[in-house]
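To keep things clear, I will list the structure first and then write my remarks on it.
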Amino acid sequence: MVAMCAAGLPVLSEDAAPRLRRLLGEARAAETAEDLPAAAKAYRDILRLKPGWGAAELNLALVLAAQRDYAGALANFELALRHDGSLLSAELGRGVALYNLERYAEAAAPLARYAAAKPEDTEVHYYLGRTFAALGEHARAIPAFRAQLRLTPAHAETFFALGDSARLLCGGAARQLADDAEAAYFFTLIVAEEPGSGEESRILDAIARQPARPEAYVTLGLLRLARGQRTEAAASFQEAWKRGSEDCRISTTCSEERDLSFDFQSARRPEDAYAAAVRAKRLADWGFRKLVETAPTSPLAAQARAHLFEQAGDAEQADRHYREAVEHSRRDSASLTAYAKFQARQSRLGEAARLLREAMLKEPGSPVMAALLGEVLFVSGEPAAALPFLQRASRARPADEQTRSYLAQSLAKAGRTVEAIQVLETAPADPSGRLHFQLGTLHRRAGNAARADRAFAIYKERRNAR
């Protein structure tokens, strides 16, 4: 807790001062005894005696956060900042409370401000990275996790979070290449490098299409090396080096530090996205392996093993380790959700829905879980069952385009086209234009040709601007 004397005692009347000292003593005694309800009561009594005292509001917020009353904590962190802007730790508390309330877009700014002001703080970078990861901004999450590991080099949770962000960034880079008609050469290599693909003919086709580029020679060499064809692999690597390859996998300067320092935010061109995918895959492997070394019996280590087996194409072993993580964590919501996502990737949607329902019993107010369950139910052909979960998630996170899209589709399938159109028209943003494409389709179905044409025109404009 923050000591009251740090901000100075407020000026009170002679009658009130003894009572304030008594309440401060009660608050400190309750904190020492870890009696959080009693501590909260003492701070509320202090604030009734001296309203607007920022230090007391900060301490009350910390007590409420320790009780997992994040909404109450957030209100008091904001009051503390309003009444005493010098209480910088309230900025951190506010960001962490917003993170725990799953209000990630709002959490990023206070956490970033605190990280800039207190870069040596041993907590803020982890939360900032987790916030960016929750927003899907993994290229920004990785540097935050890197900063955390410099301060706490054996922090198991950060190793897992880093590995998970790198894994998801790798998948995002691969999708970027798949969606780009000009990136066929690089996407061919991404597919060829998947475990068990072994399609040398595809790599040779890529070389024939782009003989001056080095990347396909690296992929060919790695495939041959895995087959034990060392002489042929060396020849392929020589061809890559002749063409100026800087691929970390065939460089003597390749290291974890080099991978950690890669600027993942600069992946704009196809060749940059490919390099990002390669580095992110290595970084994910490194993060998960360091976690297993650091905390081998933890639920997170079991999840890390599951990710590694899944990445290697061994779904059976992956399933075993996801189940192990669930049991070791006493079936906590995080491990249940991770296992549910795996089941969904394996097209076992009924099992995914069952696991998510169990996770929601533990965190019934989570809009993230509601969105996931709604998505799984919709994809499995149960739009009516998905609807209440998608509505709840969209109300809590109106900027979530994916949830809004599934919500509109569920309403449309239920014959509620007018409501579906309203859901799309009230979207706070649609940078990719995909919601307008969906909106145009619904307007056309409803016989509104002019509105459909307008929506399709916006979709084309935004698609071409990407």
Side-chain angles (χ1 to χ4, degrees), residues 1-10 12 19-131 134 144 147-148 151-152 155 157-158 161 332-334 363 365-366:
M1 301 299 169
V2 176
M4 287 285 118
C5 60
L9 292 174
L12 296 171
R19 186 180 172 204
L20 175 63
R21 283 192 290 271
R22 176 177 60 77
L23 288 170
L24 286 172
E26 289 177 7
R28 291 181 181 125
E31 289 170 10
T32 301
E34 298 185 356
D35 186 347
L36 297 179
K41 179 181 183 303
Y43 285 122
R44 287 192 174 100
D45 289 342
I46 289 169
L47 287 167
R48 276 191 284 271
L49 187 64
K50 182 61 179 177
W53 187 15
E57 289 162 339
L58 172 57
N59 275 27
L60 175 57
L62 292 169
V63 170
L64 294 174
Q67 293 178 288
R68 299 172 67 89
D69 178 3
Y70 299 117
L74 175 62
N76 281 278
F77 282 129
E78 290 179 340
L79 285 172
L81 286 166
R82 187 185 311 159
H83 294 136
D84 187 348
S86 69
L87 295 173
L88 190 58
S89 59
E91 194 83 285
L92 172 63
R94 179 170 176 263
V96 173
L98 286 164
Y99 170 84
N100 282 305
L101 289 168
E102 298 183 352
R103 292 163 59 179
Y104 304 119
E106 298 169 74
L111 290 172
R113 282 194 294 269
Y114 187 83
K118 296 284 187 180
E120 299 306 308
D121 183 273
T122 57
E123 182 180 25
V124 65
H125 301 290
Y126 173 72
Y127 276 105
L128 184 59
R130 288 292 300 268
T131 296
Q148 183 67 46
L151 296 166
T152 55
H155 193 242
E157 289 82 359
T158 303
D332 73 3
S333 60
E363 291 194 44
S366 169

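It should be emphasised that the depicted structure is a prediction, and the values quoted were computed from it without experimental measurement.
If you take OH on Y43 and CG on L64, they are separated by 11.0 Å, rounding to the nearest 0.5 Å. Within the model, atoms CZ of R22 and CD1 of I46 stand 10.0 Å from one another, a figure rounded to the nearest 0.5 Å. Between the CG atom of L23 and the NZ atom of K50 there is a distance of 14.5 Å, given to the nearest 0.5 Å. Atoms CD and OG1, on Q148 and T122 in that order, are 7.0 Å from each other to the nearest 0.5 Å. Of the inter-residue distances, the one linking D84 atom CG with L79 atom CG reads 12.5 Å to the nearest 0.5 angstrom.
Take A112 and apply the side chain to side chain contact (heavy atoms under 4.5 Å, CB included) test, not counting sequence neighbours, and it matches L128. With sequence neighbours excluded, no residue satisfies salt bridge (Lys or Arg N to Asp or Glu O under 4.0 Å) with R44. Every residue meeting the side chain to side chain contact (heavy atoms under 4.5 Å, CB included) condition with A80, not counting sequence neighbours, appears here in chain and number order: E57, L58, L87, A90. Looking at residues two or more places apart in sequence or on another chain, you find a side chain to side chain contact (heavy atoms under 4.5 Å, CB included) between A65 and A73. Partners of H83 under the ring pair (Phe, Tyr, Trp, His ring centres under 6.0 Å) rule, at least two apart in sequence or in another chain, do not exist in this structure. Remark: E363 pairs with no residue by the salt bridge (Lys or Arg N to Asp or Glu O under 4.0 Å) rule, at least two apart or across chains. With sequence neighbours excluded, no residue forms a salt bridge (Lys or Arg N to Asp or Glu O under 4.0 Å) with E157. Residues meeting the side chain to side chain donor-acceptor pair (under 3.5 Å) test with D69, sequence neighbours left out: none. Remark: Y126 engages H155 in a ring pair (Phe, Tyr, Trp, His ring centres under 6.0 Å) (not counting sequence neighbours).
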Let me check something: any side-chain donor-acceptor pairs from residues 34-42 under 3.5 Å, sequence neighbours excluded? List them with distances.
from, atom 1, to, atom 2, distance (Å)
D35, OD1, A38, N, 3.3
K41, NZ, D45, OD2, 3.0

Pair up each side-chain donor or acceptor in residues 94-102 with any protein partner under 3.5 Å, not counting sequence neighbours, and list the distances.
from, atom 1, to, atom 2, distance (Å)
R94, NE, E78, OE2, 3.2
Y99, OH, R130, NE, 3.3
Y99, OH, R130, NH2, 3.0
N100, ND2, V96, O, 3.1
E102, OE1, S366, OG, 3.1
E102, OE1, V368, N, 3.0
E102, OE2, S366, OG, 2.7

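Closest approach of E123 and D121 over heavy atoms only: N-OD1, 2.8 Å. Shortest non-hydrogen contact noted between Y104 and T131 is O-CG2, 3.3 Å. Counting all heavy atoms, side chain and backbone alike, S89 lies closest to Y114 at CA-CE1, 4.0 Å.
Among pairs with a residue in residues 110-120, those fulfilling salt bridge (charged side-chain N to carboxylate O under 4.0 Å, His left out) read E91-R113, at least two apart in sequence or across chains.
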